[in-house]
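In what follows, a single structure is set out as structure tokens and then discussed.
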Amino acid sequence: MDSLQIYADNSDEEDLSHQPSTLSADSSPPWLIPSKSAAPKVDDTMLALTAAEARQAQSRPIDPTQHVVAFNPTYDQLWAPTYGPAHPYAKDGIAQGMRNHKLGFVEDASIDSFVFDEQYNTFHKYGYAADPSGSNYIGDLDALQKNDAISVYNIPQHEQKKRKIEREKDEDEVDPTEIDNPATDVWLMKNKRSPWAGKKEGVQTELTEEQKKYAEEYAKKKEEKGHKGEKGEHVVDKTTFHGKEERDYQGRSWIAPPKDAKATNDHCYIPKRLVHTWSGHTKGVSAIRFFPKYGHLILSAGMDTKVKIWDVFNSGKCMRTYMGHSKAVRDISFCNDGTKFLTAGYDKNIKYWDTETGQVISTFSTGKVPYVVKLNPDEDKQNILLAGMSDKKIVQWDINTGQITQEYDQHLGAVNTITFVDNNRRFVTSSDDKSLRVWEFGIPVVIKYISEPHMHSMPSISLHPNTNWLAAQSLDNQILIYSTRERFQLNKKKRFAGHIVAGYACQVNFSPDGRFVMSGDGEGKCWFWDWKSCKVFRTLKCHEGVCIGCEWHPLEQSKVATCGWDGLIKYW
């Protein structure tokens with residue numbers, strides 16, 4: 001109400017002010033009421049500051065070194081002289097880092113080199129050229145009109161016709177005998193197939209003795225260089241037979257399996273005591289493999305670059321040594337019938353050996369270290385070799401031709417294992433990238449990719465005898481079980497722990513009847529677990545240092561072989 005009252009009073013005052021002043025001198029002065037506003041009071045300091053800053057920005061000089069200008073500067077600002085003191089060490093005031101030329105800073109011209117050449121040559125030929133700063137021409141304007149403003153690179157129509165006629169005339173004048181003579185330029189011009197084919201070569205004469213000698217030396221040098229750089233190191237393959245005789249009185253080979261070897265019963269038992277020790281490797285043993293199906297021989301890969309095969313049943317001695325690698329042997333793998341085997345060494349070579357004679361049948365290399373080698377287990381695909389490499393690839397060779405037939409390239413780390421599943425139609429690979437990948441054989445596309453945040457690297461994987469499960473040695477000191485059916489799921493109910501394997505690629509394995517799981521560990525023990533209950537069944541102290549490999553004998557149910565970095569292979 002007060003506001004209304006004030007408003008009414010104000011309007012009265014206005015009315016009074018419009019009337020001519022009729023107040024007498026002795027009449028009392030009117031009351032002057034201070035005006036009030038209902039609008040809230042606004043602090044306009046910020047507004048004033050912003051406006052002042054904008055005005056300041058308009059007048060502020062621009063730093064020539066800055067890359068971004070946050071407002072639109074005026075022409076005067078852009079072309080104002082540089083402010084501030086001159087650079088102390090540079091005569092012209094340009095800092096050392098700003099120079100790209102000894103006289104100062106040269107900006108890149110915004111004209112293409114082709115366009116420049118065109119105008120430059122046009123000016124020198126016709127006397128005029130286009131002015132790059134505008135759309136006009138400079139130079140001889142009469143010539144410009146006469147030539148219809150063409151450049152050296154635009155040949156006018158009549159000129160093209162003239163040239164064509166001249167060319168045809170030249171062709172008509174050619175002597176037919178010259179066309180047939182390969183020694184003439186005419187023949188070269190007629191038969192040229194590329195811009196360089198028109199060049200005339202001098203007739204090749206015989207090499208002098210000196211040239212021949214140089215060429216031979218050069219070829220030899222190149223060959224050596226090629227061997228060193230690209231492929232694995234070359235070593236002369238040797239083999240030594242240590243047995244009494246290679247054939248017995250019946251003419252059977254020393255690798256022939258004994259006729260009476262067959263499984264005594266289906267039940268496996270856990271070994272209790274040491275039966276035999278094979279010692280012959282001068283350094284650690286990295287892997288052991290029993291002869292397929294029979295187990296009467298055992299093959300071992302040593303870090304002393306040698307591969308040895310030992311007798312199991314009779315003498316217990318070393319039968320043959322295979323020497324073909326220049327560095328430690330990483331992995332070995334028998335073919336299905338045991339007559340041949342593969343070795344992979346840190347010298348970047350994969351070798352395919354004949355078990356009986358010790359001959360190297362073939363050598364493969366990609367120039368990278370192979371970490372695992374496997375032959376396809378199918379009887380009709382025994383010529384196909386898979387190798388997991390240090391450069392994250394899995395390479396597939398055809399042994400017969402020596403050609404690489406496929407590369408599986410998806411892993412992000414070196415490949416550690418290759419395991420065939422699902423009737424050998426698929427294979428599972430593990431790698432240092434802590435993932436498992438499942439591939440269809442022959443197709444380089446991952447069909448299943450398993451990678452969880454809690455997963456560790458899995459340097460050893462083994463297939464359960466019933467082929468439904470995979471046991472994977474995980475580097476967080478446990479063995480994980482994955483199903484090999486469609487889903488490849490982790491079996492959360494089954495995990496085997498207790499051993500310490502962190503940092504070592506200790507092999508995991510099953511007993512032939514699938515009732516026990518076994519693995520070496522980093523302290524030289526061999527651990528046995530019950531498959532059903534997942535409980536530790538027994539531990540044996542096998543080696544000084546790491547027990548890296550363990551294999552269950554395929555026929556003798558209660559015998560196990562272990563190998564370690566102490567260079568011994570023990571039979572329990």
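Here, residue 1 is the first one in the sequence, and each next residue gets the next number. Basis for what follows: all heavy atoms, side chains included, without hydrogens, waters or symmetry-related copies.
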| message | Against the six-membered ring of Trp531, is Lys494 placed for a cation-pi contact (under 6.0 Å from the centre, within 45° of the normal)? | response |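 Checked: cation-pi criterion met.
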| request: Validate the cation-pi geometry between Arg330 and Tyr371: distance from NZ or CZ to the six-membered ring centre under 6.0 Å, angle to the ring axis within 45°. | output: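 The answer is yes, since Arg330 meets both limits relative to Tyr371.
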Closest non-hydrogen atom pair between [X] and [Y], with its separation:
| X | Y | answer |
| --- | --- | --- |
| Gln507 | Ser460 | CA-OG, 3.4 Å |
| Thr417 | Pro459 | CG2-O, 3.3 Å |
| Ile447 | Glu440 | CD1-OE1, 3.8 Å |
| Val285 | Ser300 | CG1-CB, 4.1 Å |
| Val421 | Leu470 | CG1-CD2, 4.0 Å |

Heavy-atom donor-acceptor pair, [X] side chain to [Y] backbone, under 3.5 Å:
| X | Y | value |
| --- | --- | --- |
| Asn336 | Pro377 | yes |
| Ser431 | Gly413 | yes |
| Ser390 | Val369 | yes |
| Ser474 | Gln478 | no |
| Asp331 | Val373 | yes |
| Ser326 | Asp347 | no |
| Asp513 | Cys268 | yes |
| Arg437 | Gln410 | yes |
| Lys374 | Ile418 | yes |
| Thr355 | Thr339 | yes |

Would you check if there is a donor-acceptor pair between the side chains of [Y] and [X] at a distance under 3.5 Å?
| X | Y | answer |
| --- | --- | --- |
| Trp397 | Thr405 | no |
| Glu556 | Tyr571 | yes |
| Asn416 | Asp432 | yes |
| Ser365 | Lys348 | no |
| Asn491 | Trp469 | no |

| Going by an N to O cut-off under 4.0 Å, is there a salt bridge joining Lys308 and Asp304? |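 Not counted as a salt bridge, because no side-chain N and carboxylate O are separated by less than 4.0 Å.
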| query | Which value, rounded to the nearest 0.5 Å, describes the distance between Leu436 atom CG and Glu452 atom CD? | reply |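 It is 10.5 Å, given to the nearest 0.5 Å.
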| Value rounded to 0.5 Å, distance of NZ in Lys541 from CG in Asp521 |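 With rounding to 0.5 Å, NZ (Lys541) is 8.0 Å from CG (Asp521).
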Validation row, ring centre [X] to ring centre [Y] under 6.0 Å:
| X | Y | value |
| --- | --- | --- |
| Phe114 | Tyr153 | yes |
| Trp529 | Phe537 | no |
| His499 | Tyr504 | no |

| query | Of Tyr482, Phe510, Phe516, which meets ring-ring contact (aromatic ring centres under 6.0 Å, His included) against His464? | reply |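 Of all the options given, the one that passes is Phe510.
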| query | Only one of Phe290, Trp572, Phe291 clears ring-ring contact (aromatic ring centres under 6.0 Å, His included) with His553; which? | reply |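 Going through Phe290, Trp572, Phe291 one by one, the ring-ring contact (aromatic ring centres under 6.0 Å, His included) with His553 is satisfied by Phe290 alone.
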| query | Which one of His242, Lys306, His281 satisfies the side chain to side chain donor-acceptor pair (under 3.5 Å) criterion with Thr321? | reply |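 That would be His242.
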| said: Assess the residue pair Thr277 and Lys570 against the criterion (side-chain hydrogen bond (donor to acceptor under 3.5 Å, both in side chains)); give the C-alpha distance rounded to whole Å, side-chain angles, the decisive distance to 0.1 Å, and a yes or no. | reply: CA-CA 4 Å; Thr277 304; Lys570 297 191 178 179; 5.3 Å; no
Atom [atom1] of residue position [X] - does it have more than 12 heavy atoms of other residues, nucleotides or ligands inside 6.0 Å?
| X | atom1 | value |
| --- | --- | --- |
| Glu407 | CD | yes |
| Lys434 | NZ | no |
| Tyr449 | OH | yes |

| query | Of Thr240, Leu299, Thr343, which meets side-chain contact (heavy atoms from CB on, under 4.5 Å) against Tyr322? | reply |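 Passing option: Leu299.
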| request: For the residue pair Phe420 and Phe441, categorise the inter-ring angle as parallel (less than 30°), tilted (30 to 60°) or perpendicular (more than 60°). | output: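 Taking Phe441 first and then Phe420, their aromatic rings sit tilted (interplane angle of 30° to 60°).
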